[in-house]
Structures are given as structure tokens and as C-alpha cells.
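Inspection log for the structure reproduced underneath, given as C-alpha cells.
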Amino acid sequence: MMNKKPKLSIIINHYKTPDVLKISLNSIRENVVDISYEIFVTDSQTEMSVKEDIENLYPEVYFIEHEKNVGFSKIVNDAIKVARGEFLFIINADIIFKDKEGIKRLIDYLHTHQDVGVVGPKLLNIDGSLQHTYFRDYTFLTVLARRTIFKKIKLGRRILDSFIYKDVGDVADYLYVDWLMGSAYLIKKDVIEKFSLYFDERFFMYFEDVDFCRRAKNNGLKVAYFPKAEFIHYHKRASYGGSGSFDIFSNKMTRVHLRSYLKYLWKWIF
């Protein structure tokens, strides 16, 4: 990190996974080279022992604490407002820098594609398998197919295949999409300021990424998936409990997901 204005601000959204956070921070130290950068860990329901541990082990980190669990949008926005970098890499605490080229390629791509508002990399599971992170816009039938036995009939499978761009096949270079999973976004700071593209804090968790990408597109910007940049993601789908439509009764995060979807519908459809 340097005193002058950095090229890159890395904003890490964190909630009660300090061991994984340390792996992420170590990967940044190892792999972000030849780029001036700063790091923000923006934390919900902060535990003082975790804050002190991170500050002692990683003195280069700016730690933004929140007494309560205020949700993804709020803690990320708080870091965006004080970040100084030309480029903002907004990531979850379970994103691991795989190599030295990933962040360079993302920056180069966004720098040379002025019409792109947000770009997301390829994310891999810890075993190297692919995570699907780019999607078409939600419809009511999409939600129905994802949450009920509707997925088992031909129409439901066809809707889900379209949702994940299965008709496109493997993406070698880049693909303009409707929205990207919000685990890893590279955005220009001046684009956020110009279009007021902060995350909508009405979404506590889920659909803030769908909403963000929709607002970017409404401002004439493109949303791009860029698989030439690869990162590792310790991802767990917390809103899926394996019980289909019965998850709404048994899984708290399923209920949060559905409430966020209803907020999204109210904002954009009704």
C-alpha cells in the first residue's frame, strides 16, 4: 500500500468467517504485485477480538466495523464512499486470489471497455470445478423452477437452462449478461459516483446484485462476465436446504431470499 492515491481498492465484505478472511488477505499479499492498492475489510456485527487480530496481523488493512449485522449493501457502500482507488474490487471474504494475473486481466479488460459498468471473473470451487456466476434476469417462472418440483418437468428445465445461458455454451473471451453473482465485482469508482451506483440498502441480503446490474444497464452500461480472470470461491449456497419448496419453512436464508425477491418485484415490476 502507498500513501498516494492507489490504482486499486479491494473491498472485502466480511461476516464471522475470520479464518477464511485471513486466507483471502494472504492471497492478496502474495498475488497483487506491480499495482498500487489499498484494502478495506468492512465487517458486520464486529467482534473486537477479530478486529484486533486482523489489525495486528495485517496493518495495511483499513477495518470498518459495524456493531450490528447491517447486511451486504450497507457495509459495502460504507467502504466504497471512502475508497480512493480508480478501480474497486468488491469481494466476499471467501474469495481467494488464485494467481498474479487475475486482477491485472480484470483491470485491463475494464480499462479497455469503456462501455462496461461492472465485470466479474470466473470463480472456481476449491477443487477447481466451475461455479456458475452469470445469469439472465429473473422471472416468476425462474423462481418457481428453482424452488419447486417445476424444475423436474421439461418446461422447468428449459427455463433454468435459459437462466444460466446454457444456450451460449462455454465462454472463452467475455459475455455480456443480465447480471452477475455479487461475490466479485470490478467497478470504476468514477462510474459509481457518476451514476450513483451504490448498492440499494433496502436489500439486506440477496438481489442487491441483480438490482445493481439492472441499474447499471438502465444507465447504458454493460455487465460483463470475463473468464480469462480466475479466482477461487469458498461458496456455500445458504438459501438452499435441499428440501425444495419446503425450505421456506425450514431454512431462514430461504425466507430472506424470497423476501428480497418480493422487494425486487415491488421496485421494478409493480
Ignoring hydrogens and geometry, is there a side-chain-to-backbone donor-acceptor pair from Ser73 to Phe204 under 3.5 Å? no
Rounded to the nearest 0.5 Å, the CD1 atom of Ile164 sits from the OG1 atom of Thr133 at a distance of 11.0 Å
I need the minimum non-hydrogen distance between Ala184 and Leu123, along with the two atoms involved. CB-CD2, 4.3 Å
Check this for me, if you would: do Lys188 and Asp190 make a salt bridge, where the nitrogen-to-carboxylate-oxygen distance has to be below 4.0 angstrom? no
Would you sort out whether Asp43 and His66 count as a side-chain hydrogen bond (donor to acceptor under 3.5 Å, both in side chains), showing the intermediate values? CA-CA 6 Å; Asp43 184 58; His66 297 84; over 6 Å; no
Tyr165 and His132 aromatic centres sub-6.0 Å: no
Quick one: closest heavy-atom pair of Gly85 and Leu88, and the distance? O-CD2, 3.9 Å
Ring center gap for Phe231 and Phe97 short of 6.0 angstrom: yes
Which residues pass the side-chain hydrogen bond (donor to acceptor under 3.5 Å, both in side chains) test with Ser9, not counting sequence neighbours? Glu38
Under the 3.5 angstrom rule, does the side chain of Asp200 hit a backbone N or O of Arg202 as a donor-acceptor pair? yes
What residue among Tyr185, Tyr138, Phe212 forms ring-ring contact (aromatic ring centres under 6.0 Å, His included) with Trp179? Tyr138
So, taking the atom named CD1 in Ile187 and the one named CD1 in Ile192, what distance separates them when rounded to the nearest 0.5 Å? 4.5 Å
4.5 Å side-chain heavy-atom contact, Glu52 and Phe63: no
Do Phe40 and Val76 have side-chain heavy atoms sitting under 4.5 Å apart? no
Test Thr17 against Asn92 for side-chain contact (heavy atoms from CB on, under 4.5 Å), laying out the working first. CA-CA 10 Å; Thr17 57; Asn92 288 350; over 6 Å; no
Correct closest heavy-atom pair for Ser260 and Phe203 would be O-CE2, 3.5 Å
Side chain to side chain contact (heavy atoms under 4.5 Å, CB included) partners of Arg157, counting only residues at least two apart: Lys154
Any donor-acceptor pair under 3.5 Å linking the side chain of Glu55 with the backbone of Asp53? no
Picking from Leu144, Ile153, Thr142, what satisfies side chain to side chain contact (heavy atoms under 4.5 Å, CB included) with Ile159? Thr142
Quick one: which residue pairs count as a side-chain hydrogen bond (donor to acceptor under 3.5 Å, both in side chains) with a foot in residues 97-106, not counting sequence neighbours? Lys98-Glu230
Parallel, tilted or perpendicular for His113 and Tyr109, by the 30°/60° rule? parallel
Tyr134-Phe226 aromatic ring centre distance below 6.0 Å: no
Start with the C-alpha gap between Asp94 and His233, add the side-chain angles, then the distance that decides, and say whether side-chain contact (heavy atoms from CB on, under 4.5 Å) holds. CA-CA 6 Å; Asp94 53 5; His233 186 201; 3.1 Å; yes
I need the minimum non-hydrogen distance between Leu197 and Ala216, along with the two atoms involved. CD2-N, 3.8 Å
Could you tell me which non-hydrogen atom of Gly182 sits nearest to which non-hydrogen atom of Asp209, and how far apart they are? N-OD2, 2.9 Å
Assess, by modelled atom type and distance only, whether the side chains of Asn125 and Ser129 contain a donor and an acceptor separated by less than 3.5 Å. yes
If you look only at pairs with a residue in residues 69-88, which of them pass as a ring-ring contact (aromatic ring centres under 6.0 Å, His included), with sequence neighbours excluded? Phe72-Phe199
Aromatic contact between Phe140 and Tyr261, with the criterion being ring centroids under 6.0 Å apart: yes or no? no
Just by modelled atom types, is the Lys7 backbone N or O under 3.5 Å from a matching donor or acceptor in the Ser36 side chain? yes
Could you tell me whether Lys263 and Asp211 make a salt bridge, using a distance below 4.0 angstrom between a side-chain N and a carboxylate O? no
Please list all pairs meeting salt bridge (Lys or Arg N to Asp or Glu O under 4.0 Å) that have one or both residues in residues 162-187, counting only residues at least two apart or in different chains. Arg136-Asp167, Asp161-Lys166, Asp173-Lys228, Asp178-Lys217
Gap separating the CG atom of Asp19 from the CD1 atom of Ile23, nearest 0.5 angstrom: 7.0 Å
Correct closest heavy-atom pair for Lys151 and Thr148 would be NZ-O, 3.1 Å
Under a 4.5 Å cut-off applied to non-hydrogen side-chain atoms, are Leu160 and Arg146 in contact? yes
Any side-chain heavy atom of Ile90 within less than 4.5 Å of one from Ile80? yes
Could I get the full list of salt bridge (Lys or Arg N to Asp or Glu O under 4.0 Å) partners for Lys16, not counting sequence neighbours? Glu47
Would you indicate whether the side-chain heavy atoms of Ile12 and Ile39 approach each other to under 4.5 Å? yes
The test is side-chain contact (heavy atoms from CB on, under 4.5 Å); show your working for Ile103 and Tyr37 and say whether it passes. CA-CA 11 Å; Ile103 191 62; Tyr37 69 97; over 6 Å; no
Once you round to the nearest 0.5 Å, how far does CG of Asp78 lie from CG of Asn13? 11.5 Å
Can a donor-acceptor pair be found, under 3.5 Å and without considering hydrogens, that links the side chain of Asn26 to the backbone of Lys22? yes
So, taking the atom named CG in Leu25 and the one named CD in Glu30, what distance separates them when rounded to the nearest 0.5 Å? 13.0 Å
Working note: Ile91 + Ile11, criterion side-chain contact (heavy atoms from CB on, under 4.5 Å); need CA distance, chi angles, decisive distance, verdict. CA-CA 6 Å; Ile91 61 175; Ile11 296 173; over 6 Å; no
Would you say that Glu60 contacts Arg29 through its side chain, given a criterion of any heavy-atom pair below 4.5 Å between the two side chains? yes
Heavy-atom check, side chain of Lys122 versus side chain of Tyr225, under 4.5 Å: yes
Are Tyr15 and Ile75 packed together at the side-chain level, in the sense that at least one heavy-atom pair is separated by less than 4.5 angstrom? no
Point-to-point distance, once rounded to the nearest 0.5 Å, from CG of Asp137 to CH2 of Trp268: 10.0 Å
